[in-house]
Amino acid sequence: MGIALSVNLNKIALIRNSREGNYPDLIEHARACVNHGANGITVHPRPDQRHVRPGDVLQLAELLKPLPEIEFNVEGNPFAAQRGDYPGLTSLAEATLPDQCTLVPDTDHQLTSDHGFDLTQTADKLLPVIEKLKSLKIRVSLFMDPIPEQIELAKQLGADRIELYTGPYAAAWNSSDPKTLENLYQQHRQAALLASELGLGVNAGHDLNLDNLPRFSTIPGLKEVSIGHALIVDAITLGLAEAVKAYKAILEATTRIQKTR
Ligand code: PXP
């Protein structure tokens, strides 16, 4: 299997939530992504419910249950407080049994995730969460910066995968500083090699887009990219089907090149 594309649907929910009613319909869009080649669906419920809500997670789980080849990835901060009918990430995972939970150290009012875990500070708190999720047979991925010591700690904690936080790489892509970009690429490359050596799977995400993905996707051992913002923006001009296909085409091209080496 090549590199999986998991489409993050938060932005569809954000547009829906800006009005009363159910338009656009999140479930229809999830179905369309899958029909057009996405390998997975990601959602990131937050306590403020500004985009995906707990009810959406339940409905998506129902949609994807009969499709074992499509991965359902629920991400978020397991320590974010319960609020209103938001039950907390672990309870939501228990109720919906996604294939994967990606644990992210974002705070309640953060616009979006912007750093990986510092496991020197959070290991003790994370350990029971990881054990709980694994006891439910949910694969656990930790959102991480490409720092070797941190990745070793992720392994010691029993994570199955890491998701490399690609925000700085994507920002460097847009800057006119090729040296920083190359350094960041190499950091991610080394981090991915180390993770694979340790037996951790490697996912990646944040601010990946049609321009910066071709290079990033050559990171060795990459199993999955999770992409939301840029893909949904591309869907405005290309249409959702063509947007999903364009991202898939990049990942397939990388896999083809790697196989011929
Ligand atoms: N991975 C994580 C952990 C995220 O929080 C997000 C944003 O919700 C993404 C990946 C996807 O980032 P983007 O929307 O920039 O593609």
Side-chain angles (χ1 to χ4, degrees), residues 3-15 17 26 29-30 33 38-53 56-57 60 71-80 89 92-93 98-118 122 126 133 139-146 150 154 159-174 188 201-213 216-217 219 222-236 240 243-244 246-248 250-251:
I3 306 162
L5 171 67
S6 186
V7 179
N8 180 320
L9 289 177
N10 274 5
K11 286 285 142 67
I12 300 291
L14 190 75
I15 298 171
N17 296 355
L26 193 74
H29 282 74
C33 288
N39 308 98
I41 297 294
T42 290
V43 287
H44 190 143
R46 285 189 162 88
D48 63 11
Q49 301 194 34
R50 65 179 185 265
H51 30 60
V52 163
R53 298 167 175 154
D56 296 323
V57 185
L60 285 167
E71 181 205 79
F72 187 31
N73 176 42
V74 178
E75 62 185 32
N77 186 340
F79 309 121
L89 187 77
L92 208 45
D99 302 289
Q100 175 174 273
C101 261
T102 301
L103 307 182
V104 182
D106 58 351
T107 56
D108 281 8
H109 302 292
Q110 221 168 295
L111 204 53
T112 182
S113 323
D114 65 1
H115 59 279
F117 277 106
D118 177 357
T122 46
L126 268 177
L133 294 171
R139 188 200 300 138
V140 178
S141 180
L142 299 181
F143 197 53
M144 303 294 296
D145 299 306
Q150 294 284 342
D160 301 296
R161 291 193 186 184
I162 55 164
E163 179 180 326
L164 291 168
Y165 167 51
T166 53
Y169 164 83
W173 186 275
N174 292 333
H188 282 93
V202 179
N203 297 343
H206 223 283
D207 292 322
L208 293 173
N209 60 32
L210 291 173
D211 294 329
N212 63 31
L213 183 62
F216 193 86
S217 64
I219 292 287
L222 188 61
K223 286 192 183 303
E224 174 183 310
V225 288
S226 145
I227 305 184
H229 186 80
L231 191 150
I232 300 303
V233 172
D234 289 326
I236 294 171
L240 187 58
V244 171
Y247 282 83
K248 278 291 295 179
I250 291 172
L251 300 175

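Starting from 1, each residue takes its place in the sequence as its number. All ligand and atom numbering here is 1-based and tracks the order in the structure.
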What's the shortest distance from [atom] to any protein heavy atom, and which residue and atom give it?
atom	answer
atom 5 (O) of ligand 1	S113 OG, 2.4 Å
atom 6 (C) of ligand 1	E75 OE2, 3.5 Å
atom 16 (O) of ligand 1	G228 N, 2.8 Å
atom 1 (N) of ligand 1	E163 OE2, 2.5 Å
atom 14 (O) of ligand 1	H229 N, 2.9 Å
atom 15 (O) of ligand 1	D207 N, 2.8 Å
atom 12 (O) of ligand 1	H206 CA, 3.5 Å

What do you reckon, is NE2 of H229 surrounded by more than 12 foreign heavy atoms closer than 6.0 Å?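 Counting other residues, nucleotides and ligands, NE2 of H229 stays at 12 neighbours or fewer.
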Would you call D48 and R50 a salt bridge, taking side-chain N to carboxylate O under 4.0 Å as the test? yes
Atom pair CG/CG of L26 and L60 - distance to nearest 0.5 Å: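 Between atom CG of L26 and atom CG of L60 there are 5.0 Å.
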Spatial distance of atom CZ (F117) from atom CG (L126) [nearest 0.5 Å]: 4.5 Å
If we only consider heavy atoms of [X], is any one of them less than 4.0 Å away from an atom in ligand 1?
X	answer
S226	yes
L208	no
N8	yes

Can a side-chain donor-acceptor contact be found between N73 and T42 if the only test is distance below 3.5 angstrom? yes
Got a sec, which residues hit side-chain contact (heavy atoms from CB on, under 4.5 Å) with N77, two or more places apart in sequence or on another chain? F79, A80, D106
Relative to the ring of H206, is the ring of F143 parallel (under 30°), tilted (30 to 60°) or perpendicular (over 60°)? tilted
Can you name the atoms of ligand 1, numbered from 1 with element, that are less than 4.0 Å from a heavy atom of V104?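 Numbered from 1, ligand 1 contributes 3 (C).
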Okay, side chain of N174, backbone of A171: is any donor-acceptor separation there less than 3.5 Å?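 No.
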